[in-house]
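Below is one structure; the comments refer to it alone.
Model, not experiment: these values are computed from the prediction. In what follows, chains carry the letters A, B, and so on, assigned in the order in which the sequence lines appear, proteins first and then strands, with residues in each chain numbered from 1.
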Amino acid sequence: SISDKLTTVFRTIAGKAKITEDNIQEAMREVRVALLEADVNLQVARDFIAGVKEEALGEKVLNAVNPGEQFIKIVHDRLVELLGGEREEIKWAAQGPTVIMLCGLQGAGKTTTVAKLASRFKNQNRRKPLLVAADVQRPAAIEQLKILGQQIGVPVYAELGGDPVQICAQALEVARMQGADTILLDTAGRLHVDDALMFELENIVARTKPQEILFVCDAMIGQSAVDTAAEFRKRLPLTGAIMTKMDSDARGGSALSLREVTGVPLKFVTVGEKLDALEEFHPDRMAGRILG
Amino acid sequence: LLIRRKIDEALLDELEEALIAADVGPRLALDISEQIRQKYRNKEIEHAEEILDFLKNMLAEGLAAETEMSLGRNPDGPTVILLIGVNGTGKTTTTAKLARFLTDQGHGVLLAAADTFRAAAGEQLDIWASRVGVDIVRHKDGADPAAVVFDACDAALARKLDYVLVDTAGRIHTKSNLMQQLEKIHRVAGKKIAGAPHEVLLVLDATTGQNALSQAKLFTEGVGVTGLVLTKLDGTAKGGIVIAINREIRLPIKFVGLGEKETDFAPFDPHEFTDALFA
Ligand SMILES: Nc1nc2c(ncn2[C@@H]2O[C@H](COP(=O)(O)OP(=O)(O)OP(=O)(O)O)[C@@H](O)[C@H]2O)c(=O)[nH]1
Ligand SMILES: Nc1nc2c(ncn2[C@@H]2O[C@H](COP(=O)(O)OP(=O)(O)OP(=O)(O)O)[C@@H](O)[C@H]2O)c(=O)[nH]1
Ligand SMILES: [Mg+2]
Ligand SMILES: [Mg+2]
């Protein structure tokens, strides 16, 4: 583990701890490798290490009984600080319905997640949600959302065939008629480099003016998370992110990349296939997981 | 001489970074750049300009070596192919693509909808079956996946078909009960048709980072993997993690997924792959 490695870095032959410029450098290298193996983006890892260097050369480490431990603490605390900040809940509309749009790459977990959110908002926040099946492209995507909606007792608005932008716009009207106060838009997975489909998302945003635009990201994503997130952020006013499949052994370093590149907070994580497998994001747990 | 040496140090750093950016992983990226540095010192590489080509070739050969690129084949009856992998990697879509690939070659193909768990999984594969024009065996939601496979093998034997493609549910590789379920599917297939499954394809998402190593290891330990399919290569991710996997387990990459249509599918080409890695 990284703690073992750092303890070794700062230990001399006599078994006592010793700090030198050299082993601080070595410690930084070990942390860098740990971050990269956790899928933190290369540039983000570099910036992060540069950010802790000053503190690492400071009093706390130099005078510490166990410098390796102190070093880890600095790294861990800094990670928590970058990942966390204030816990942000959903930006509920002060008046009228709240529109929440989910977007992301193919297979990230959007459809499953949008149903989990609907269930949570209904049961914990006493909201009256409407799910909107705006993926008209993937085979049986509408059916998938309808089944999930049934399982949690939330209505699903869908149109067979048709244009996702129109469907979302129409959903606002349907919500008004049904008295739904929370409209959740499930969009089709898409590549950030697919101009036409990114434009489609921009149009959905323009027509429905969501209070929340949540980027759904798979915890196992690697280095390309930065390009992906940057492009989504460039084209859409993202307000948050959700990291999925955190029940796997993926370290989830993309969480740091996401935060650094988009500036948006991770609001939730999902931890399984069942519809109650949705949790609030905990920066300290994530930091520990990334560091391994 | 000094200037020439300076150029390639910077170049070696650049190559190491490109490898990391491609998800090869930090330790292997360093290893590889060290290897290249050695070859350059030993004059196996003459000029700095040759370094990139040398590296591409070295990586491509590594991926091609011991690679049985063709699909496993049953000489005495239907060939059974299992498609397995973590949630959302593209198994169902790949099953459809593989069906199209095989029917284009004139083979008779049957699909087995062995994901009886996820919402609309059967419907999704059903739609693909009609699009591609192949038969499909489906049971009710919640049915035993192994029973679906059993029936599908029966049907393929009866209809004298060449391939049974088994689409399984996505599963996290660290969940032992789900790995056991997969192992049961494997066993049942083997009881029904000798030697089945003749191919077990692990479907990997090209955007996956270092976790793909854990996936490859645990799926191989759990049920045995005979080949990889690397999907979503039409995105910006390079899928370099397969180079890291290749160092640890010999898993031939058989196909790549290049989009969401049934024709967005091709046999793996190591040289094309390594070219794209540094593009
Ligand atoms: N283990 C696990 N599986 C998950 C999680 N979230 C989603 N899944 C699974 O991941 C797979 C993909 O989920 P979907 O909801 O269909 O993903 P999507 O983003 O809507 O996919 P597209 O619409 O095709 O882009 C399904 O098998 C889900 O059950 C999670 O937190 N943990
Ligand atoms: N761009 C792109 N998308 C792909 C590719 N392969 C699959 N997809 C998309 O990825 C998403 C998930 O594909 P599925 O085939 O449902 O994945 P799966 O592994 O069967 O998912 P689960 O059964 O839920 O585990 C869908 O939106 C597919 O269209 C590919 O090669 N390129
Ligand atoms: Mg979906
Ligand atoms: Mg599937």
Open item on the list: Does anything in residues 109-127 of chain B reach chain A? List residues with heavy atoms under 4.5 Å apart, or say none.
Closed with: B:F117, B:R118, B:A119, B:A120, B:E123, B:Q124, B:I127
Open item on the list: I'd like to know if the side chain of A:D249 pairs up with that of B:T174 as donor and acceptor (distance under 3.5 Å, no hydrogens or angles considered).
Closed with: no
- [ ] Pick one of side chain, backbone, both or neither for B:T93, based on which atoms fall under 4.5 Å of a heavy atom in chain A.
- [x] neither
Task: Toward chain B, the part of A:L191 with a non-hydrogen atom under 4.5 Å - done: side chain
Open item on the list: At a 4.5 Å cut-off on heavy atoms, which part of B:K175 comes close to chain A: side chain, backbone, both, or neither?
Closed with: side chain
TODO: Output yes when a side-chain donor or acceptor of B:D23 lies under 3.5 Å from a complementary backbone atom of A:Q223, and no otherwise.
DONE: yes
- [ ] Using non-hydrogen atoms and a 4.5 Å limit, figure out which bit of A:R32 sits close to chain B: side chain, backbone, both or neither.
- [x] side chain
Task: chain B contact via A:D247 - side chain, backbone, both or neither, heavy atoms under 4.5 Å - done: both
Open item on the list: Surrounding NZ of B:K56 (heavy atoms of other residues, nucleotides or ligands, distance under 6.0 Å), is the total greater than 12?
Closed with: yes
Open item on the list: Counting heavy-atom pairs closer than 4.5 Å to chain B, which one of A:V193, A:T244, A:D227, A:L36 comes out on top?
Closed with: A:L36
Task: Choice from B:A21, B:G240, B:A22, B:G25 maximising heavy atom contacts with chain A below 4.5 Å - done: B:A21
TODO: Output the option from A:V226, A:L148, A:I221 having the highest count of non-hydrogen pairs under 4.5 Å with chain B.
DONE: A:I221
- [ ] Report, as yes or no, whether the 6.0 Å neighbourhood of atom CD on A:Q150 holds more than 12 heavy atoms from other residues, nucleotides or ligands.
- [x] no
- [ ] Check the pair A:R46, B:E17 against side chain to side chain contact (heavy atoms under 4.5 Å, CB included), reporting the backbone distance first and the verdict last.
- [x] CA-CA 12 Å; A:R46 273 219 183 94; B:E17 287 182 13; 2.6 Å; yes
Task: Heavy-atom pairs under 4.5 Å with chain A, option from B:I172, B:T89, B:T207 with the top count - done: B:T207
Task: Per-residue contact mode, B:Q215 against chain A (heavy atom under 4.5 angstrom) - done: side chain
Open item on the list: Pair B:H173, A:S248 - check side-chain hydrogen bond (donor to acceptor under 3.5 Å, both in side chains), show working.
Closed with: CA-CA 8 Å; B:H173 45 296; A:S248 70; over 6 Å; no
Open item on the list: What I want to find out is whether B:R27 reaches A:E37 closely enough, with some N-O distance under 4.0 Å, to be called a salt bridge.
Closed with: yes
TODO: Please tell me if the side chains of B:E260 and A:R138 come closer than 4.5 Å, counting only heavy atoms from C-beta onward.
DONE: no
TODO: Flag yes if more than 12 heavy atoms outside A:R285 fall under 6.0 Å of its CZ atom; otherwise flag no.
DONE: no
TODO: With rounding to the nearest 0.5 Å, note down the distance linking OG1 in B:T231 to CD in A:Q106.
DONE: 9.5 Å
Open item on the list: Which one wins on heavy-atom pair count under 4.5 Å against chain A: B:L30, B:V86, B:D234, B:L218?
Closed with: B:D234
TODO: Rounded to the nearest 0.5 Å, what's the gap from CG on B:D205 to CG on A:L105? Could you check?
DONE: 8.0 Å
Open item on the list: Pair B:N211, A:D39 - check side-chain hydrogen bond (donor to acceptor under 3.5 Å, both in side chains), show working.
Closed with: CA-CA 9 Å; B:N211 192 251; A:D39 293 322; over 6 Å; no
Output side-chain donor-acceptor pairs under 3.5 Å for residues 272-279 of chain A, partner residues at least two apart or in another chain, one line each.
unit_1	atom_1	unit_2	atom_2	d
A:E273	OE1	B:N87	ND2	3.1
A:E273	OE2	B:N87	ND2	3.0

